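Since this is a predicted model, take the numbers as computed values, not measurements. Numbers here are sequence positions counted from 1.
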Amino acid sequence: MAKLNQIIAVEKGVRSKSLQDVTAAHQKVLKPALLAGISRTYQPKDEEGEQLPPESTRVQVQAEDVLRETAASLTRLFDVTATKDWANCEARADVTVDGRTIVADVPVSYLLFLEKQLGDLHAFVKKLPTLDAAESWALDPSTDWWRTEPVRTIRTKKVPRNHVKAEATEKHPAQVEVYYEDVPIGYWTTVKFSGALPARRVNELAERVEKLQQAVKFAREEANGAEVTDQRVGDAVFGYLFG
């Protein structure tokens with residue numbers, strides 16, 4: 001008895017061959033010359049007339065033969081696809097991570113859905129914002145935000161000062177240069193807040209997604225290893241269509 005993964009493996013080839021066969025059949029019946037035949041003989045008006053050989057063209061394509069060939073090719077495709085789809089309704093497996101069953105008795109179609117969704121989710125998790133590693137963060141229970149320790153910095157103000165380069169004399173005024181001095185006038189106390197995640201948390205989430213991805217793949221392989229019952233629907237379908 002075949003297994004579901006074997007049926008899945010051959011389905012693509014059967015589908016491709018059926019498409020080629022149907023395309024070839026379609027091209028045959030679209031060429032009127034291949035379906036047409038003729039036979040004619042010539043008889044001169046009198047015995048003195050010119051004698052001409054008979055002419056004939058054989059029918060090269062018979063539509064009923066094309067129908068039979070098409071039915072034979074598509075019957076194989078219909079049967080293989082039916083066998084796969086019937087088996088997919090019954091093939092199931094548990095999704096298990098580290099000995100813990102996350103989802104039990106999952107059908108193949110849903111396992112395929114999970115694989116796609118987990119791939120998208122992994123990409124989402126890897127792009128989550130993380131806290132600035134240059135800062136020291138702690139969770140603030142009152143806001144549920146991350147916060148840094150208070151940092152005190154000085155606020156200064158530029159105050160003009162005079163620098164006498166040369167004292168005044170009877171003949172010349174004093175030479176004075178103005179410069180600015182930063183004078184402390186107060187203090188800033190800064191606390192930074194963030195709604196981002198610690199890198200450790202992001203890595204943990206990504207690891208969980210990856211583990212579940214692996215578990216889903218293993219479950220799909222297990223489900224696809226189920227034995228299948230060959231379905232024979234093609235004869236019934238084409239027996240009705242072309243019979």
Side-chain angles (χ1 to χ4, degrees), residues 1-24 26 70-133 137 139 144-146 194-238 241:
M1 185 176 289
K3 295 185 182 297
L4 178 55
N5 52 17
Q6 295 173 320
I7 296 298
I8 293 173
V10 303
E11 182 194 20
K12 184 177 180 180
V14 171
R15 188 179 300 278
S16 176
K17 184 178 184 304
S18 295
L19 177 62
Q20 293 174 1
D21 291 345
V22 172
T23 301
H26 187 62
T70 301
S73 179
L74 288 178
T75 292
R76 172 63 175 155
L77 173 63
F78 278 39
D79 288 348
V80 167
T81 303
T83 299
K84 182 198 71 172
D85 289 346
W86 258 257
N88 276 339
C89 294
E90 300 173 359
R92 296 169 180 266
D94 295 344
V95 178
T96 304
V97 178
D98 295 334
R100 173 187 171 191
T101 298
I102 307 300
V103 191
D105 206 25
V106 187
V108 171
S109 57
Y110 195 75
L111 290 170
L112 291 171
F113 165 79
L114 276 179
E115 277 195 70
K116 171 64 170 63
Q117 294 300 314
L118 288 172
D120 295 342
L121 193 57
H122 186 263
F124 168 75
V125 168
K126 294 293 284 185
K127 292 181 180 178
L128 287 172
T130 57
L131 297 172
D132 184 356
W137 299 92
L139 192 61
D144 207 25
W145 300 338
W146 292 91
S194 177
L197 294 170
R200 179 186 69 256
R201 173 66 170 159
V202 173
N203 292 336
E204 178 186 278
L205 291 173
E207 184 179 353
R208 287 187 184 183
V209 175
E210 290 162 7
K211 280 188 175 182
L212 191 54
Q213 283 179 303
Q214 284 296 110
V216 169
K217 288 180 181 179
F218 289 153
R220 178 169 54 81
E221 289 301 317
E222 181 181 347
N224 284 341
E227 293 184 342
V228 299
T229 301
D230 288 340
Q231 303 294 328
R232 295 286 184 264
V233 300
D235 287 341
V237 171
F238 291 102
L241 289 177

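Side chains of Gln117 and Leu121 form no contact here, defined as non-hydrogen atoms less than 4.5 Å apart. Contact of the Val216 side chain with the Val106 side chain is not registered, since no non-hydrogen atoms from C-beta on lie closer than 4.5 Å. Taking 4.5 Å as the limit, every side-chain heavy atom of Ile102 sits out of range of all side-chain heavy atoms of Thr96. Under the 4.5 Å side-chain criterion, counting only non-hydrogen atoms from C-beta, Leu128 is in contact with Leu205. Between Leu197 and Leu131 there is no side-chain heavy-atom pair separated by less than 4.5 Å. No side-chain heavy atom of Asn203 sits under 4.5 Å from any side-chain heavy atom of Arg200. Using a 4.5 Å cut-off on side-chain heavy atoms (C-beta onward), Leu212 and Val209 make no contact.
With values rounded to the nearest 0.5 angstrom, Ile8 atom CD1 is found 6.0 Å from Asn88 atom CG. Note that NE2 of His26 and OG1 of Thr23 are 8.5 Å apart. Values are rounded to the nearest 0.5 Å. One distance of note links CH2 of Trp86 with CD1 of Ile7; it measures 13.5 Å at 0.5 Å rounding. One finds the NZ atom of Lys17 at 10.0 Å from the CG atom of Leu74 (value rounded to the nearest 0.5 Å). In this structure, the separation between CG on Leu118 and CZ on Phe124 is 13.5 Å, given to the nearest 0.5 Å.
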- Query: Which is it for Arg92 and Val108 under the side-chain contact (heavy atoms from CB on, under 4.5 Å) test, yes or no, and what are the steps along the way?
  - Reply: CA-CA 6 Å; Arg92 296 169 180 266; Val108 171; over 6 Å; no
- Item | Val80 and Arg76: CA distance, side-chain angles, deciding distance, side-chain contact (heavy atoms from CB on, under 4.5 Å) verdict | CA-CA 6 Å; Val80 167; Arg76 172 63 175 155; 3.4 Å; yes
- Taking it one step at a time, do Gln213 and His122 satisfy side chain to side chain donor-acceptor pair (under 3.5 Å)? CA-CA 9 Å; Gln213 283 179 303; His122 186 263; 4.7 Å; no
Output side-chain donor-acceptor pairs under 3.5 Å for residues 221-238, partner residues at least two apart or in another chain, one line each.
unit_1: Asn224; atom_1: ND2; unit_2: Arg220; atom_2: O; d: 3.4
unit_1: Gln231; atom_1: NE2; unit_2: Thr229; atom_2: O; d: 3.3

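The backbone N or O of Val14 sits less than 3.5 Å from a side-chain atom of Ser18, completing a donor-acceptor pair. Side chain of Ser194 to main chain of Ala196: a donor-acceptor pair is present (N/O by atom type, distance under 3.5 Å, no hydrogens or angles). Side chain of Gln6 to main chain of Lys3: a donor-acceptor pair is present (N/O by atom type, distance under 3.5 Å, no hydrogens or angles). With hydrogens and angles disregarded, a donor-acceptor distance shorter than 3.5 Å links the side chain of Asp94 to the backbone of Asp105.
Closest approach of Ser73 and Asp21 over heavy atoms only: OG-OD2, 2.7 Å. Scanning all heavy atoms of the two residues, the minimum distance from Ala87 to Leu4 falls at CB-CD1, 3.8 Å.
In this view, Glu11 and Arg15, Lys84 satisfy the salt bridge (Lys or Arg N to Asp or Glu O under 4.0 Å) rule, not counting sequence neighbours.
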